[in-house]
Structure formats: structure tokens, C-alpha cells
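These numbers come from the heavy atoms of this one structure, side chains and all, not from hydrogens, waters or symmetry mates. Please read all numbers here as calculations on a predicted model, not as lab measurements.
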Amino acid sequence: DLVKTFGDVPWYDREMTESDPDLYKPRDPRTLVMDNVLADMQYAAENVRLADGTEGLTVNRYVVLAMMSRIFLFEGTFQKYHFNNTAKATQYLEASKWAADQIIQSNKYSITDNFRSVFNSLDLAGKKEVILYRQYETGVLTHSLHSYVNGEPQSGVSNDAVESFLAKDGLPIGLSPLYQGDKGIANVVADRDPRLTETIVPELRLKGVVPNYSTSGYAVHKFFNESLKNLTEGSSNLNRTDAPVIRYGEVLLNYAEAVAELGTLTQADLDKSINKLRKRPGINMPDLQVMG
């Protein structure tokens with residue numbers, strides 16, 4: 001996080017004391033820091049237990065690998081596009097690909113859950129897609145995200161975000177003959193990737209028209225749990241829906257993007273990653289194909 005924010009930062013590999021002069025040393029190069037982060041994560045990937053405590057609530061080797069896939073996809077593409085450092089980009093992207101592939105090959109996780117249930121569940125225990133989650137409990141630890149999508153005004157989804165969802169034939173809306181235009185919400189959501197209607201409500205909510213308006217007109221209900229709508233736990237800061245921290249769906253996307261950035265993407269890569277997401281129950285989008 002410090003590297004993402006500041007770039008070069010001091011790297012310390014020992015416990016510091018208040019009088020240690022290295023507390024005031026200059027910043028170390030970004031690549032030196034991230035090389036050390038990679039070494040730490042590689043060590044953890046080899047030595048952290050496969051299982052250690054309550055599944056999904058404790059750090060195990062799969063959590064390490066998932067975070068490794070996330071961190072080094074970011075750093076690999078950063079090195080590629082900001083610094084033109086092909087060697088470092090390749091090293092980091094290979095690390096991201098390897099970490100994601102280790103999880104895929106384990107067959108421990110799967111995309112079998114209802115899409116919204118991963119984001120609005122009262123209990124994520126046992127979800128086959130969730131690698132690590134945060135658990136909330138009434139009177140102990142609660143949040144207010146559910147309140148935000150339960151009748152309150154909200155900062156809306158942008159039009160660009162809505163237009164990024166494909167048509168149900170798998171084509172972008174600019175290419176698909178199924179797209180019916182944007183004159184009214186019914187046309188916007190017609191014949192689209194089902195994840196669009198799982199993300200936004202099928203009505204425009206405009207300021208000055210409804211109290212629970214969205215600044216863009218497109219309101220989110222992805223995190224809304226209908227069973228809490230009229231309960232105290234569904235309002236204010238008393239919400240207790242669990243929050244996924246990292247999930248298998250992201251790992252599959254990390255794998256596909258890392259392989260694509262490395263320039264080695266094959267149909268087999270798509271079939272073991274993105275096409276698994278497209279086959280999710282209730283989604284069933286056409287497979288993505290590598291064009292020859």
C-alpha cells in the first residue's frame with residue numbers, strides 16, 4: 001500500500017529501535033521494496049499452513065496465494081506501462097500467474113454460488129467462492145453498507161460502468177444486434193449480461209423524483225439483502241452482512257489478465273478462468289474465445 005501511494009519507500013528488514021539512525025534513511029527504490037515483498041510472499045506460499053483455524057476467517061496458504069496474485073498483477077502492469085521495465089514486469093506477472101494457478105489447480109474453490117449471495121449474505125461460511133471474508137455480528141461488529149443501498153440517496157453507478165456490461169450474446173453493446181439503446185431503463189437492461197440487473201435496480205431513481213435517488217439515476221442493489229429491508233439490522237450502522245475480502249472470482253480474473261499481459265493467452269487459459277465465471281449458475285454467458 002505504501003508503494004502504491006508513494007512509489008519509493010524505505011525498506012526495513014529488521015526490528016527498529018527509537019534511536020536507530022536508519023529511521024531517517026532515504027527512500028529505497030520501488031523495485032527493491034517489491035522484490036523483498038515478493039520474496040516474503042514466496043516464503044509464505046511455501047510455509048503457511050494449508051488450513052489454520054476457521055476456514056475463510058484465518059490466513060492460510062490460499063489467502064497468501066490470492067493476495068500474491070492481486071499484488072503482483074498490479075505491480076507487474078505498473079512496471080510494464082509506467083516504467084517500460086519489461087524484465088520486472090515479466091517477473092511480477094509470472095508471480096501473479098503462478099499464485100493464481102496454484103489456487104486453480106488445488107480445486108478447492110469453485111464458481112457455484114449465486115452472484116449476489118457472495119456480496120449480500122448474512123453468513124459467508126461455506127461459500128465455495130470465498131477465500132477470505134470479514135464476519136459481522138449484531139452487537140459486536142456492524143457496518144452501514146446495507147443502509148446505503150436500503151432507501152438512502154447514493155452516489156450512482158456511472159453510465160460508462162453500465163455500458164461496459166456486455167449484451168447476453170457476449171458482445172460489447174456497440175457490436176451486439178441485441179442492444180436496444182438507452183432510452184429508458186427497460187431498454188438499457190434488456191438482453192444484457194445478467195450481472196447488470198444483479199448490480200443495479202431495474203428503475204431509474206432521479207433526484208427530485210424519489211427520496212432514495214442516485215446521483216446518476218442508476219442505483220446499486222448488489223449488496224442489498226431483501227430479508228433485512230424492514231429490520232433494524234438493515235438500517236443505520238447496524239448492518240451485519242458479511243464482506244468478501246478476496247474471492248476465487250478475482251483470482252480467476254487475475255490469472256487471465258496476467259497471462260494476457262505476458263502475451264501467452266490461450267483458449268485453455270480462458271476456459272480455466274473467465275469462462276468459469278461466465279458459466280456461473282444464473283449467468284450462463286457465452287464462452288470467451290481466442291480469435292486466431
Residue pairs passing the side-chain hydrogen bond (donor to acceptor under 3.5 Å, both in side chains) test where at least one lies in residues 150-159, sequence neighbours excluded: Asn159-Glu163
Here the pair of heavy atoms bringing Asp242 nearest to Tyr136 is OD1-N, 3.0 Å
In the structure I gave you, are the side-chain heavy atoms of Tyr218 and Val188 within less than 4.5 Å of one another anywhere? yes
Are Glu198 and Arg280 within salt-bridge range, i.e. N to O under 4.0 Å? no
Residue list, side-chain contact (heavy atoms from CB on, under 4.5 Å) with Asn212, at least two apart or on another chain: Arg205, Val210
Could you verify whether a donor N or O on one side chain and an acceptor N or O on the other, from Thr241 and His143, lie under 3.5 Å apart? yes
For residues Asn239 and Ser147, is any side-chain donor paired with an opposing acceptor at under 3.5 Å? yes
Please say yes or no: joined through hydrophobic side-chain contacts below 4.5 Å, possibly via intermediate residues, are Leu32 and Leu38 part of one cluster? yes
Taking side chain to side chain donor-acceptor pair (under 3.5 Å) as the test, write out the residues that go with Lys127, two or more places apart. Ser117
Side-chain heavy atoms of Ser96 within contact of Glu257, under 4.5 Å: no
Are Val189 and Phe115 joined in one hydrophobic group, where the rule is that I, L, V, M, F, W and Y side chains link up if heavy atoms are under 4.5 Å apart? yes
With rounding to the nearest 0.5 Å, note down the distance linking CG in Leu277 to CD1 in Ile111. 5.0 Å
Side-chain donor/acceptor of Ser69 to backbone N/O of Asn254, under 3.5 Å: no
Considering all heavy atoms of both residues, which atom of Tyr133 and which atom of Pro244 are nearest to each other, and what is their separation? CB-CA, 4.0 Å
Ring pair (Phe, Tyr, Trp, His ring centres under 6.0 Å) with Phe223: which residues, sequence neighbours excluded? none
Measuring from atom CG of Asn120 to atom CG of Asn225, what distance do you get when rounded to the nearest 0.5 angstrom? 5.0 Å
In terms of heavy-atom contacts, does NZ of Lys207 have more than 12 from other residues, nucleotides or ligands at under 6.0 Å? no
Donor on one side chain, acceptor on other, Asn237 and Ser144, under 3.5 Å: no
Is a donor on one side and an acceptor on the other found under 3.5 Å between the side chain of Asp20 and the backbone of Met16? no
So, does Arg116 use its side chain to make a donor-acceptor pair with the main chain of His221 at under 3.5 Å? yes
Leu57 side chain near Arg134 side chain, heavy-atom distance below 4.5 Å: no
Less than 4.5 Å apart, side chain to side chain, heavy atoms only: is that true for Ser106 and Tyr62? yes
Give a yes or no on whether the backbone of Val59 and the side-chain of Asp52 come within a donor-acceptor separation of less than 3.5 Å. no
Any chain of hydrophobic side-chain contacts (each under 4.5 Å) joining Phe6 to Ile71? yes
Using modelled atom types and a 3.5 Å cut-off, is there a donor and acceptor pairing between side-chain atoms of Gln267 and backbone atoms of Leu288? yes
Between Tyr255 and Leu252, is there a side-chain heavy-atom distance shorter than 4.5 Å? no
State which residues pass salt bridge (charged side-chain N to carboxylate O under 4.0 Å, His left out) with Lys276; sequence neighbours excluded, sorted by chain then number. none
For residues Gly76 and Ala89, report the shortest heavy-atom separation together with the two atoms involved. O-CB, 3.4 Å
In terms of side-chain heavy atoms, does Asp123 have a donor or acceptor partner in Ser121 at a distance below 3.5 Å? no
Residue list, side chain to side chain donor-acceptor pair (under 3.5 Å) with Asn60, at least two apart or on another chain: none
Is the NZ or CZ atom of Lys25 positioned over Tyr12's six-membered ring, under 6.0 angstrom from the centre and within 45° of the axis? yes
Met41 to Val64 - nearest heavy-atom pair and separation: CE-O, 3.6 Å
Heavy atoms of Lys168 and Pro286 approach each other most closely as O-CD, 3.2 Å
Leu124 CG to Phe119 CZ distance, which is reported to the nearest 0.5 Å: 9.5 Å
Return the set of residues passing side chain to side chain donor-acceptor pair (under 3.5 Å) with Thr77 (not counting sequence neighbours), or none when no residue passes. none
Between Thr138 and Glu233: side-chain donor-acceptor atoms closer than 3.5 Å: yes
Say you draw a straight line from CE of Met291 to CD of Gln289; how long is it, rounded to the nearest 0.5 Å? 8.5 Å
Counterpart residues, side-chain contact (heavy atoms from CB on, under 4.5 Å), relative to Phe83 (two or more places apart): Arg30, Phe78, Gln79, Asn85
Examine distances only and state if a side-chain atom of Arg192 and a backbone atom of Tyr179 form a donor-acceptor pair shorter than 3.5 Å. no
Taking only residues at least two apart or on different chains, which pairs with a member in residues 260-275 satisfy salt bridge (charged side-chain N to carboxylate O under 4.0 Å, His left out)? Lys80-Glu261, Asp101-Lys272
In chain order, what residues pass the side-chain contact (heavy atoms from CB on, under 4.5 Å) check against Pro153, with sequence neighbours excluded? Tyr213
Separation of Ile185 CD1 from Leu204 CG (nearest 0.5 Å): 4.5 Å
Could you tell me whether Asp193 and Arg278 make a salt bridge, using a distance below 4.0 angstrom between a side-chain N and a carboxylate O? no
So, for Val118 and Asp113, which heavy atoms are closest and what is the spacing to 0.1 Å? CG2-CB, 4.0 Å
Would you say the side chain of Asp182 lies within less than 4.5 Å of the side chain of Asn187, judging by non-hydrogen atoms? no
Let's go through Leu93 and Lys88 carefully: what are the C-alpha distance in whole Å and the side-chain angles of both, what is the deciding distance for side chain to side chain contact (heavy atoms under 4.5 Å, CB included) to 0.1 Å, and is it a yes or a no? CA-CA 8 Å; Leu93 289 169; Lys88 276 297 166 194; over 6 Å; no
I'd like to know if the side chain of Arg27 and the backbone of Asp8 have a donor-acceptor N/O pair within less than 3.5 Å. yes
So do the side chains of Arg61 and Arg49 get within less than 4.5 Å of each other, counting heavy atoms only? no
When you group the ILVMFWY residues by side-chain heavy-atom contacts below 4.5 Å and let the links chain together, are Leu65 and Leu73 in the same group? no
Any chance CG of Asp1 has more than 12 other-residue heavy atoms, nucleotides or ligands included, within less than 6.0 Å? no
Are Ile283 and Ile274 in one and the same hydrophobic cluster, where Ile, Leu, Val, Met, Phe, Trp and Tyr link if side-chain heavy atoms are under 4.5 Å apart? no
Regarding Ser176 and Asp169, do their side chains bring together a donor and an acceptor under 3.5 Å, going by distance alone? yes
Atom CG of Leu231 and atom OG of Ser227: how far apart are they, to the nearest 0.5 Å? 7.0 Å
Contact check, side chains of Lys108 and Ile103, non-hydrogen atoms, under 4.5 Å: no
Looking only at atom types and distance, does a side-chain atom of His146 sit under 3.5 Å from a main-chain N or O of Gly234, one as donor and one as acceptor? yes
Check side-chain contact (heavy atoms from CB on, under 4.5 Å) between Asp40 and all other residues, then give those that pass, not counting sequence neighbours. Trp11
If the condition is salt bridge (charged side-chain N to carboxylate O under 4.0 Å, His left out), which residues does Asp287 pass it with, not counting sequence neighbours? Lys279
